[in-house]
Chemist: 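So that we are looking at the same thing, I have put the structure below in structure tokens.
The residues of the chain are indexed from 1 along the displayed sequence.
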Amino acid sequence: MNGAVQKRSFPGAQSALGCANDVAKGVVPNQLGTWYFGRGGWCPGQDVLPGVVDVTSSVKLGQVNTLSYRTTYAGQAVDIARGNIVLSSYLVVWQ
């Protein structure tokens, strides 16, 4: 927001067998395909929690504000060679 950087990382389920190792945490085991591979912060059967960032301190009241979003993987911009990210985003404003 307005140049202030808010980083969110996706730990856990990042290793090659990350989801297989998390079966005790609610992962649904033995699905077809690659259920056992680590993913970006989620595994099959687990709840996907929303990422919430409070940008209040970066808002400039009475001025134009700019909100931007960028994805990276291992410090590099995500492009077609690194995967596909589907994002739903909401900016909630209240008084």
Chemist: Got a sec, which hydrophobics cluster with Val5, joining ILVMFWY side chains under 4.5 Å apart, including via others?
Modeler: none
Chemist: Other hydrophobic cluster members with Val52, side-chain heavy atoms of Ile/Leu/Val/Met/Phe/Trp/Tyr under 4.5 Å, chained?
Modeler: none
Chemist: Listed by chain and number, what are the side chain to side chain contact (heavy atoms under 4.5 Å, CB included) partners of Val92, not counting sequence neighbours?
Modeler: Trp94
Chemist: Do Val93 and Val53 land in one hydrophobic cluster if side-chain heavy atoms of ILVMFWY residues count as linked below 4.5 Å?
Modeler: yes
Chemist: Going by the rule side chain to side chain contact (heavy atoms under 4.5 Å, CB included), which residues pair with Asn65 if we only count those two or more places apart in sequence or in a different chain?
Modeler: Met1, Asn2, Val59, Lys60
Chemist: Identify, with sequence neighbours excluded, every residue that meets side chain to side chain donor-acceptor pair (under 3.5 Å) alongside Thr56.
Modeler: Asp54
